[in-house]
Amino acid sequence: MNVNSIESYNKNINKILITEEEIKTAIAAAGKAINDIYDGRPILLVSILKGAYVFMADLCRAVTVPCEIGFMCAKSYYSGTVSSGAVKITMDLEQDITKYHVVIVEDIIDTGRTLNDVVKLLKARNPLSLKVITLLDKPSRRVVDFKADMALFTIPDYFVIGYGLDCGEYYRNLPYIAEYKEQE
Ligand code: IMP
Ligand code: MG
């Protein structure tokens, strides 16, 4: 990736796929759905860093049930196309989740490996309940059978940036979701 000039940095933002307005509308609806599901019961929103930090910030403000937030950083290891099921937690939750209805907040589900492993790990800790909400879903890329309880947008096999998602750590601060394409 070339960030030596602002022109090439901007040119690599190939096209906007989901606008700020569309994200805002979808998050308002997701917040309402969460409020309906939990119906006044307190929840713990768990964001997987770093990609989901922007989504988490907006989603938690669309929720009106009592809500705590938590963060974890996870990396999945696998050989070839087979997940080892061994997820490495580089930063763990501070909460003991046995007392919580947990909602995992993720930016994107691609191969499904990361969330498949994180869900296994958190289920083993016996939360009151566990659901997964993702901003984006790329089902055509799946290598492990994993389905979120709620996916706000289903997208084709594009590499996307913005609204928390990066390419080489850049572009997370874009307020929309765009396709990344390196220009010749
Ligand atoms: P999975 O384990 O393959 O589902 O990987 C999910 C993780 O890969 C996400 O949490 C993202 O951090 C990253 N990722 C997958 N697709 C994209 C993309 O199109 N843009 C940016 N990051 C992505
Ligand atoms: Mg992520």
Side-chain angles (χ1 to χ4, degrees), residues 1-3 8-20 22-23 26-27 30 44-60 69-93 102-124 130-183:
M1 190 185 39
N2 182 356
V3 290
S8 61
Y9 182 82
N10 288 331
K11 263 193 198 155
N12 291 343
I13 306 169
N14 192 45
K15 65 172 179 226
I16 296 177
L17 297 175
I18 307 168
T19 65
E20 264 186 275
E22 287 168 328
I23 296 171
I27 290 181
L44 173 66
L45 294 174
V46 175
S47 164
I48 313 294
L49 292 173
K50 300 178 194 169
Y53 79 105
V54 180
F55 181 36
M56 173 69 142
D58 283 342
L59 183 67
C60 72
I69 60 167
F71 297 94
M72 64 192 294
C73 209
K75 291 204 172 11
S76 277
Y77 291 94
Y78 40 85
S79 55
T81 56
V82 184
S83 171
S84 67
V87 59
K88 188 176 178 208
I89 305 300
T90 52
M91 189 187 95
D92 205 349
L93 279 171
V102 173
V103 181
I104 299 177
V105 178
E106 178 61 306
D107 53 351
I108 187 165
I109 306 177
D110 186 35
T111 64
R113 286 169 174 136
T114 309
L115 272 192
N116 195 51
D117 290 349
V118 168
V119 163
K120 253 189 235 162
L121 181 94
L122 293 189
K123 272 191 179 157
L130 183 68
K131 285 193 188 295
V132 173
I133 179 167
T134 185
L135 177 69
L136 304 173
D137 192 4
K138 272 201 266 189
S140 62
R141 293 257 312 160
R142 216 60 111 245
V143 301
V144 297
D145 186 22
F146 185 86
K147 206 170 176 303
D149 297 286
M150 228 186 281
L152 275 54
F153 300 96
T154 299
I155 60 166
D157 184 11
Y158 292 140
F159 193 82
V160 290
I161 50 171
Y163 201 76
L165 291 110
D166 73 306
C167 180
E169 294 299 326
Y170 287 105
Y171 302 105
R172 293 192 194 275
N173 56 322
L174 297 176
Y176 47 77
I177 303 281
E179 182 196 15
Y180 176 85
K181 209 172 202 177
E182 208 143 311
Q183 303 301 314

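Atoms within each ligand, like the ligands themselves, are counted from 1 in listed order.
Nearest to atom 3 (O) of ligand 1 by heavy-atom distance, out of Asp117, Asp107, Ile109, Thr111, is Thr111. For atom 5 (O) of ligand 1, the candidate residues are Asp157, Val143, Thr114; the nearest heavy-atom contact is made by Thr114.
For Lys138, the salt bridge (charged side-chain N to carboxylate O under 4.0 Å, His left out) partners at least two apart in sequence or on another chain are Asp110.
At under 3.5 Å, not a single nitrogen or oxygen of Asp166, backbone or side chain, sits near a nitrogen or oxygen of ligand 1. Close N/O approach between Gly112 and ligand 1 is found [any backbone or side-chain N/O within under 3.5 Å]. Taking only nitrogen or oxygen atoms, main chain and side chain alike, Val160 reaches within less than 3.5 Å of ligand 1.
Listed by number with element, the atoms of ligand 1 under 4.0 angstrom from any heavy atom of Tyr158 are 19 (O). In the vicinity of Leu165, heavy-atom distances shorter than 4.0 Å reach the ligand 1 atoms 20 (N), 21 (C), 22 (N).
Within the structure, the closest approach of Glu106 to ligand 1 falls below 4.0 Å when heavy atoms are considered. In this structure, Lys138 is part of the shell of residues with a heavy atom less than 4.0 angstrom from ligand 1. Contact analysis leaves Tyr180 out of contact with ligand 1, as no non-hydrogen atom separation drops below 4.0 angstrom.
A salt bridge does not link Lys88 with Asp117: every distance from a Lys NZ or Arg NE/NH1/NH2 to an Asp or Glu carboxylate oxygen is 4.0 Å or more.
The aromatic rings of Tyr170 and Tyr9 lie perpendicular to each other, with more than 60° between the two planes, well past the 30° mark.
For the pair Asn12 and Ile161, the minimum side-chain heavy-atom distance is 4.5 Å or more. At a threshold of 4.5 Å between non-hydrogen side-chain atoms, the residues Ile13 and Tyr176 count as touching.
Listed for the Asp149 side chain is a donor-acceptor partner under 3.5 Å among the backbone atoms of Val132.
Counted by atom type alone, Asn14 and Tyr158 present zero donor-acceptor pairs between their side chains at under 3.5 Å.
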